[in-house]
Structure formats: C-alpha cells, structure tokens
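Scroll down for the structure; my scribbles are underneath it.
Because the structure is a prediction, the values reported are computed rather than measured. Excluded from the calculations below are hydrogen atoms, water molecules and symmetry mates; all remaining heavy atoms, backbone and side chain alike, are included.
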Amino acid sequence: MHIVQNVRIMAKGDSVKGNECQEYFLPEGYVSRTTCVRDGFWTPERISREPFNGSYNVFKWISEKENMLAGKSILDVGCGPASKFGLFFPHARITGLDTHEAIALAKMNNPKGSFLPCDLDDRKSLEELCGMLATFDVITCIDVIEHVLHPENILRLIRKCMAPDSVAYIGTLERDRSRGAGCLASPKAEHVREWNQAEFTAFIENSGFIVDEVKITVQALRPTVNEKALRVQTLRCH
C-alpha cells in the first residue's frame with residue numbers, strides 16, 4: 001500500500017459531505033479523513049511485518065481458489081513489497097502497481113515480475129497507465145482501498161483490466177467486526193475510511209462488479225495484542 005503525503009489525525013471540520021457518504025455507501029455521520037499517507041509508508045517495522053500481515057490469509061485463500069495461478073497473469077493493485085508472491089503464486093506472471101517506494105521493494109523480492117510506479121489516487125495517472133496494460137486473468141487489490149481518497153479510481157482501473165472471464169479479489173478491513181458496531185471514523189491514521197461487509201459489498205456492486213463470494217479472515221497471521229480482533233473482508237468478483 002502506498003499513498004499521499006501529510007498524515008494528520010481527524011480534526012473538527014474533517015467530516016465528509018453527506019453526498020460523499022452516500023457515494024461510498026457509508027452510514028450517515030461517518031467521518032472520512034481528508035488526507036492520506038504515501039511517502040514514508042514503508043518503515044522498517046512495517047516491512048518486517050509484511051510477510052505476516054492481513055494479506056497472508058487472503059492470498060492463501062486466493063492461491064487455493066485459483067490453483068496457485070499456475071501459468072496465469074495477475075495484476076496486484078497496491079502491491080507493496082509483494083513479499084508473499086513467491087510463496088503463493090510462484091508460477092504466475094506478475095504485474096504490480098504502487099508508489100516508487102513500494103515498487104523498489106517489490107522488484108527486489110520478485111526480480112522476474114513487472115512493477116510499475118503510479119499514484120493510485122490520481123485519475124489521470126491511472127488512465128494513462130491503463131493504456132499500457134493488457135487484461136489479466138486475476139486482479140488483486142488487498143488492504144489498499146481504505147488508504148486512498150478516491151477509491152473509484154482504483155475500481156475503474158480494475159474494471160478496465162478485466163476480460164469477461166477475469167476474476168478480481170478486492171479486500172479491506174471489516175469495520176464492524178474489527179471496531180464494533182457504531183464506529184463512525186477509523187482510529188488508524190493511515191485509513192481514510194472503513195466499511196462493514198454490507199456497505200462494502202453495495203459499494204463494489206454499484207461500481208460495476210458482480211460479487212460471487214465474500215471471505216472473512218483474521219488480519220494478522222501473528223497478531224499483536226491490539227490486532228487480535230481485526231478482520232479483513234475480501235470480495236471475489238467478476
């Protein structure tokens with residue numbers, strides 16, 4: 001994951017407009033951040049925890065569902081260091097998108113893969129990138145969409161890179177199971193907004209996808225005390 005400069009804690013006046021809550025299928029009164037994090041995201045501590053973070057269980061599920069993607073192409077949107085690809089998709093043709101910082105790490109971990117730097121929050125940048133990309137058998141976007149200000153840009157990119165028989169896996173924190181019902185703002189500085197399962201499914205379906213299956217997994221493979229209750233929801237889509 002990635003994403004824009006200037007982290008700041010929610011302050012008075014940071015709430016999104018009501019129509020924006022409706023656009024993202026969030027409950028009335030939900031407070032989204034107005035800035036997000038990009039540069040300096042991949043700290044040494046975060047990199048060291050990457051092999052055991054929330055996407056481990058998700059990629060394990062995808063690997064089982066898709067037969068390890070043997071001989072298939074995969075596009076990972078917001079790939080980060082891509083440290084688990086060799087474990088779960090050793091025979092796939094890998095393409096990853098993320099910031100320059102993340103791409104440098106991904107290339108070291110996957111020298112045979114193709115990794116392209118981009119701004120996942122910039123529509124023009126993503127539209128230009130679409131012209132360079134073909135369609136892919138499988139597209140993954142795991143624990144990324146909660147970090148960006150304009151998730152519709154990512155979803156538009158995913159749709160344009162899908163063929164009729166392509167599959168997309170889109171995952172994010174499940175707010176109610178992780179924070180408790182009634183939570184109206186993320187306590188995590190890196191998260192712009194968070195959805196529960198019903199809201200996220202509605203948002204993804206309204207964005208042009210058909211949701212085939214939803215999988216709930218524990219976020220961390222080796223959770224800290226503060227992470228034990230966190231859950232990730234992943235939607236398998238056409």
Side-chain angles (χ1 to χ4, degrees), residues 1-3 41-42 47 50-122 125-145 147-148 151 153-172 204 207-213 215 217 221 232 234-238:
M1 274 104 5
H2 33 323
I3 318 195
F41 184 89
W42 290 103
I47 294 170
E50 172 65 12
F52 315 108
N53 70 2
S55 62
Y56 183 97
N57 290 321
V58 177
F59 281 131
K60 182 176 184 292
W61 177 54
I62 296 171
S63 179
E64 293 167 351
K65 291 286 290 188
E66 307 299 333
N67 193 27
M68 299 183 73
L69 297 177
K72 294 185 177 181
S73 59
I74 178 172
L75 173 67
D76 190 24
V77 181
C79 62
S83 56
K84 295 180 281 293
F85 275 30
L87 174 62
F88 292 118
F89 314 123
H91 305 298
R93 302 188 303 278
I94 300 168
T95 299
L97 309 177
D98 213 319
T99 60
H100 285 276
E101 180 184 37
I103 291 302
L105 297 168
K107 287 181 176 179
M108 287 191 294
N109 290 326
N110 304 273
K112 293 183 179 180
S114 175
F115 296 94
L116 304 172
C118 69
D119 182 349
L120 294 178
D121 240 338
D122 183 76
S125 173
L126 293 183
E127 286 179 346
E128 292 174 352
L129 191 62
C130 278
M132 302 167 52
L133 298 172
T135 57
F136 295 82
D137 297 313
V138 175
I139 300 177
T140 55
C141 182
I142 309 301
D143 291 338
V144 175
I145 202 166
H147 291 271
V148 298
N153 295 333
I154 287 178
L155 298 176
R156 187 180 299 110
L157 170 75
I158 293 173
R159 289 199 312 270
K160 289 184 177 181
C161 290
M162 294 180 73
D165 57 349
S166 300
V167 178
Y169 289 85
I170 307 171
T172 188
I204 296 302
S207 300
F209 296 89
I210 299 171
V211 176
D212 301 319
E213 187 176 355
K215 179 78 169 180
T217 55
L221 185 65
V232 173
T234 304
L235 280 55
R236 184 180 189 270
C237 312
H238 285 89

Test item: [X] and [Y] side chains (from C-beta on) under 4.5 Å apart, heavy atoms:
{"X": "Asn110", "Y": "Phe115", "answer": "yes"}
{"X": "Leu155", "Y": "Ile145", "answer": "yes"}
{"X": "Glu50", "Y": "Trp42", "answer": "yes"}
{"X": "Phe41", "Y": "Thr99", "answer": "no"}
{"X": "Met108", "Y": "Leu105", "answer": "yes"}
{"X": "Lys65", "Y": "Lys215", "answer": "no"}
{"X": "Asn153", "Y": "Val148", "answer": "no"}
{"X": "Val167", "Y": "Asp212", "answer": "no"}

Test side chain to side chain contact (heavy atoms under 4.5 Å, CB included) on Cys118 and Glu128 and set out the steps.
CA-CA 10 Å; Cys118 69; Glu128 292 174 352; over 6 Å; no

Pair Ile204-Ile170, side chain to side chain contact (heavy atoms under 4.5 Å, CB included): steps then yes or no:
CA-CA 9 Å; Ile204 296 302; Ile170 307 171; 4.2 Å; yes

Is there a donor-acceptor pair closer than 3.5 Å between any side-chain N or O of [X] and the backbone N or O of [Y]?
{"X": "Lys112", "Y": "Ile94", "answer": "no"}
{"X": "Arg156", "Y": "Glu127", "answer": "no"}
{"X": "Asn109", "Y": "Pro81", "answer": "yes"}
{"X": "Ser166", "Y": "Ala163", "answer": "yes"}
{"X": "Arg93", "Y": "Gly71", "answer": "yes"}
{"X": "Asp137", "Y": "Ser73", "answer": "yes"}
{"X": "Asp76", "Y": "Gly96", "answer": "no"}

Heavy atoms only: give me the nearest [X]-[Y] pair and the separation to one decimal.
{"X": "Lys160", "Y": "Cys130", "value": "CD-SG, 3.9 Å"}
{"X": "Trp61", "Y": "Arg236", "value": "CH2-CB, 4.1 Å"}
{"X": "Lys84", "Y": "Pro51", "value": "CD-O, 3.7 Å"}
{"X": "Ser207", "Y": "Arg159", "value": "O-NH1, 2.6 Å"}
{"X": "Gly80", "Y": "Ala106", "value": "O-CB, 3.4 Å"}
{"X": "His238", "Y": "Pro164", "value": "CD2-O, 4.4 Å"}

Apply ring-ring contact (aromatic ring centres under 6.0 Å, His included) to residues Tyr169 and Phe59 and explain how you reach the verdict.
CA-CA 9 Å; Tyr169 289 85; Phe59 281 131; 9.1 Å; no

Pairwise distance [atom1]([X]) to [atom2]([Y]) - rounded to 0.5 angstrom:
{"X": "Leu75", "Y": "Thr135", "atom1": "CG", "atom2": "OG1", "value": "10.5 Å"}
{"X": "His147", "Y": "Asp121", "atom1": "NE2", "atom2": "CG", "value": "12.0 Å"}
{"X": "Asp119", "Y": "Ser125", "atom1": "CG", "atom2": "OG", "value": "5.5 Å"}
{"X": "Ile154", "Y": "Ile139", "atom1": "CD1", "atom2": "CD1", "value": "12.0 Å"}
{"X": "Lys72", "Y": "Phe89", "atom1": "NZ", "atom2": "CZ", "value": "11.5 Å"}

With Val77, which of Thr140, Leu157, Asp98, Leu126 fulfils side-chain contact (heavy atoms from CB on, under 4.5 Å)?
Leu157

Can Thr95 and Cys79 be said to form a side chain to side chain contact (heavy atoms under 4.5 Å, CB included), step by step?
CA-CA 9 Å; Thr95 299; Cys79 62; over 6 Å; no

For Phe209 and Ile158, what are the C-alpha separation, side-chain angles and deciding distance, and is it a side chain to side chain contact (heavy atoms under 4.5 Å, CB included)?
CA-CA 10 Å; Phe209 296 89; Ile158 293 173; 3.8 Å; yes

For atom CG of Leu87, decide whether the heavy atoms of other residues, nucleotides or ligands shown that lie under 6.0 angstrom number more than 12.
yes

